[in-house]
Amino acid sequence: MPEKDTPTYPWFIERRYLPLIIVLVFVLLSAVTFTICYRHHTINTEQTLKVNRSTANLVSLVLDEHLKKIVSVMESYSNRPALLQAVRDKNVEKARKRLISLTKSNPGIDILVISDRQGTVWASHPERPEVLGKTFAYRDWYKGVSKEWKSNISDVVLRIGGKKDLSVQISVPFFDETGEVIGIMVNTQRTAELGYLFKQVPLDPGTDITVIDRKGQIVYSSRYDFSKKILLFPFYPGIKQATVANNKTVAVDDPDLGGRTHYISVAPVVNSGWTVFVGRDKHSIILSESAYYIQVTAVAFFLFLSIILFIFYSRKQVMAQQILEQLQAEKKIRAGEEKLRDSERRLSEARKMAQLGYWIWDVRTGNVEWSEEVFNIFQLDPKEFSPHIDSIQALSPWPEDHERDKELIRKTMETHEKGTYEQRFLRPDNSIGYYHSTFQGKYDDGDNLISIVGTVQDITKRRQAEERYKTLTESSLASVFVVQDGKFRFINTSAIVYAGYTSEELIGK
């Protein structure tokens with residue numbers, strides 16, 4: 001029975017390649033997922049920074065308008081005749097009434113003082129006894145307004161009286177009819193009050209606002225605690241250089257965030273010289289994208305599972321198909337084997353009925369393979385007799401027969417044709433039998449004889465019949481002869497005498 005073929009599958013279906021395929025699919029999907037997420041992060045970061053720049057510009061405009069409004073209102077009041085007259089006369093009561101009116105009509109203005117041209121304060125609202133009669137020519141607000149005698153917004157300062165918190169001073173000069181400066185009105189704007197203004201601006205989580213003055217000091221910040229002391233914005237020097245280079249957004253390493261990147265968008269406040277910074281932590285940008293990352297990762301994960309399941313399903317289908325094909329092939333093989341066995345059985349039955357056996361002689365070893373029918377013809381026991389060329393020749397103890405057969409086999413092998421011969425043999429009971437053999441040689445690639453294959457048929461009964469026929473015809477006085485195809489095949493003695501020829505002259509004629 002032929003050996004079963006080992007199932008063969010496409011390389012990607014073989015079990016040993018499955019871990020490699022799974023790893024490759026995982027790496028490929030991971031790379032695609034990372035690329036998509038990184039591209040989204042890049043685009044989202046740029047959009048976020050664009051929003052931050054817009055927010056910084058918005059805060060700058062709101063703050064600028066707020067300060068301009070205060071300056072405009074103060075300038076308007078400084079030109080009112082009643083207040084101007086009170087300033088000329090240094091009439092405290094009249095001046096205070098006008099200051100009260102100004103604060104009531106403008107909630108953004110809460111603390112006001114009036115000084116003379118030299119910076120000595122003589123009126124205030126609310127009342128500030130601790131500052132009356134004191135000269136503030138050394139303060140920034142006085143230096144700013146007296147430089148060109150124009151309205152001025154100072155840098156952030158620490159208030160001397162009251163809660164001693166941070167504030168900025170907005171100063172407006174008084175001019176008489178001749179254009180001569182006769183006094184200065186100062187509005188002390190607490191920086192904490194500015195916080196209410198900035199809180200109206202909507203901010204995304206993780207976003208902070210910081211406003212600094214011309215010196216880089218924090219005027220307001222939603223991130224740093226600036227209420228009790230003057231702080232220098234920590235990134236001011238580096239951002240100042242970037243601002244000179246016209247960079248609207250700067251990335252800095254923030255030590256307060258463990259060295260993480262902090263994006264800061266810049267917008268100047270035009271009329272005051274201040275600067276607005278809108279900051280955003282890179283980590284907060286990533287966190288804001290977490291939902292998107294989770295979705296992309298989930299899609300990639302399910303896609304990975306789908307591909308792996310598809311691979312295993314395809315592998316199962318291919319294996320099932322090949323197993324089915326193998327079963328069908330085996331079914332055909334079994335059918336062919338059954339047919340072959342049936343043919344062999346019929347052939348064996350035919351050989352038995354015809355008493356036809358076969359033999360194979362290995363000329364290199366001298367061993368001879370016999371079929372069962374040959375043992376039956378020679379009446380030998382397979383268990384007791386081992387066929388070999390020498391032992392087989394012993395079955396025919398007539399040397400002349402051996403020499404004749406050897407010569408016939410030699411001539412037949414030279415021509416590579418089939419040969420036939422008839423041979424007598426001695427049975428175990430010492431009776432003589434006859435067999436007919438047909439044979440042909442088998443050769444290797446070098447044309448060397450390696451074996452001879454032949455058949456054996458028992459013709460003892462036929463030879464015995466021929467002998468009896470010959471004896472009968474030879475003893476007959478009648479002329480007996482056999483003619484086949486127009487030629488003499490047999491002629492008895494009476495016929496030879498009658499014809500006047502010898503048998504050799506007639507046979508074959």
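For the salt bridge (Lys or Arg N to Asp or Glu O under 4.0 Å) test, residues two or more places apart in sequence or in another chain that qualify with Arg364 are Asp362. Residues satisfying the side chain to side chain contact (heavy atoms under 4.5 Å, CB included) criterion with Asn79, sequence neighbours excluded, are absent altogether. Remark: Arg80 pairs with no residue by the salt bridge (Lys or Arg N to Asp or Glu O under 4.0 Å) rule, at least two apart or across chains. Partners of Arg96 according to the salt bridge (Lys or Arg N to Asp or Glu O under 4.0 Å) rule, which considers only residues two or more places apart in sequence or in another chain, are Glu127. Every residue meeting the salt bridge (Lys or Arg N to Asp or Glu O under 4.0 Å) condition with Asp281, not counting sequence neighbours, appears here in chain and number order: Arg260. Take Asn44 and apply the side-chain hydrogen bond (donor to acceptor under 3.5 Å, both in side chains) test, not counting sequence neighbours, and it matches Glu289. Residues satisfying the side chain to side chain contact (heavy atoms under 4.5 Å, CB included) criterion with Ser30, sequence neighbours excluded, are Phe26. Asp155 is linked by a side chain to side chain contact (heavy atoms under 4.5 Å, CB included) to Asp213, Arg214, Lys215, Gln217, Trp274, counting only residues two or more places apart in sequence or in another chain. With sequence neighbours excluded, the residues forming a side chain to side chain contact (heavy atoms under 4.5 Å, CB included) with Val363 are Trp361, Leu449, Ile452, listed by chain and number. For Thr120, the side-chain hydrogen bond (donor to acceptor under 3.5 Å, both in side chains) criterion is met by Thr135, not counting sequence neighbours.
Of all non-hydrogen atoms in Ser265 and Ala56, the two that sit nearest each other are O-CB, 4.1 Å. Closest heavy-atom contact between Leu232 and Ile218: C-CG1, 4.5 Å. For the residue pair Glu373 and Gly357, the shortest heavy atom distance occurs at CB-CA, 3.6 Å. Taking every heavy atom of both residues into account, Val374 and Tyr358 meet most closely at CG2-O, 3.5 Å.
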Go through the steps for Thr103 and His125 under the test side chain to side chain contact (heavy atoms under 4.5 Å, CB included), then give the verdict.
CA-CA 9 Å; Thr103 56; His125 174 72; 3.5 Å; yes
For Met185 and Leu102: C-alpha separation, side-chain torsions, deciding distance, then whether side chain to side chain contact (heavy atoms under 4.5 Å, CB included) applies.
CA-CA 12 Å; Met185 181 168 55; Leu102 176 57; 4.0 Å; yes
Would Val92 and Trp122 count as a side chain to side chain contact (heavy atoms under 4.5 Å, CB included) if you check the C-alpha gap in whole Å, the side-chain angles of each, and the deciding distance to 0.1 Å?
CA-CA 7 Å; Val92 176; Trp122 56 269; 3.9 Å; yes
Kindly indicate, with the supporting measurements, whether the criterion side-chain hydrogen bond (donor to acceptor under 3.5 Å, both in side chains) is fulfilled by Gln321 and Glu325.
CA-CA 6 Å; Gln321 180 64 28; Glu325 292 175 356; 3.2 Å; yes
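Put simply, the side chain of Val59 reaches to within 4.5 Å of the side chain of Ile209, judged on heavy atoms. With a 4.5 Å cut-off on side-chain heavy atoms, Val269 and Thr275 do not count as touching. Taking 4.5 Å as the limit, some side-chain heavy atom of Asp254 sits within range of a side-chain heavy atom of Phe235. Residues Asp447 and His416 have side chains in contact (heavy-atom distance under 4.5 Å, counting atoms from C-beta outward). At least one side-chain heavy atom of Ile70 sits under 4.5 Å from a side-chain heavy atom of Asn187. Looking at heavy atoms from C-beta onward, Ser167 lies out of side-chain contact with Gln189 at the 4.5 angstrom threshold. Between Asp256 and Arg223, some side-chain heavy-atom pair lies under the 4.5 Å cut-off. The shortest distance between side-chain heavy atoms of His41 and Tyr292 does not fall below 4.5 Å.
The number of heavy atoms from other shown groups lying within 6.0 Å of OH (Tyr443) is above 12. A 6.0 Å sphere centred on OH of Tyr224 holds more than 12 heavy atoms belonging to other residues, nucleotides or ligands.
Not a single donor-acceptor pair under 3.5 Å links the side chain of Ser101 to the backbone N or O of Lys97. In this structure, Ser72 contributes its side chain and Lys69 its backbone to no donor-acceptor pair below 3.5 Å.
Thr35 and Arg39 share no side-chain donor-acceptor pair at under 3.5 Å.
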Counting only pairs under 3.5 Å, give me each side-chain donor-acceptor contact of residues 174-182, with atom names and distances, residues two or more places apart or in other chains.
{"from": "Asp176", "atom 1": "OD1", "to": "Thr178", "atom 2": "N", "distance (Å)": "3.0"}
{"from": "Asp176", "atom 1": "OD1", "to": "Thr178", "atom 2": "OG1", "distance (Å)": "2.7"}
{"from": "Asp176", "atom 1": "OD1", "to": "Gly179", "atom 2": "N", "distance (Å)": "3.0"}
{"from": "Asp176", "atom 1": "OD1", "to": "Glu180", "atom 2": "N", "distance (Å)": "2.7"}
{"from": "Asp176", "atom 1": "OD2", "to": "Thr178", "atom 2": "OG1", "distance (Å)": "3.2"}
{"from": "Glu177", "atom 1": "OE1", "to": "Arg88", "atom 2": "NH2", "distance (Å)": "3.1"}
{"from": "Glu177", "atom 1": "OE2", "to": "Arg88", "atom 2": "NH2", "distance (Å)": "2.4"}
{"from": "Glu180", "atom 1": "OE2", "to": "Arg117", "atom 2": "NH1", "distance (Å)": "3.4"}

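Aromatic ring centroids of Phe304 and Phe302 lie 6.0 Å or more apart.
No salt bridge links Lys143 with Glu148; every basic N to acidic carboxylate O contact stays at or beyond 4.0 Å.
Annotation: salt bridge (charged side-chain N to carboxylate O under 4.0 Å, His left out) contacts involving residues 103-116, sequence neighbours excluded, comprise Lys90-Asp116.
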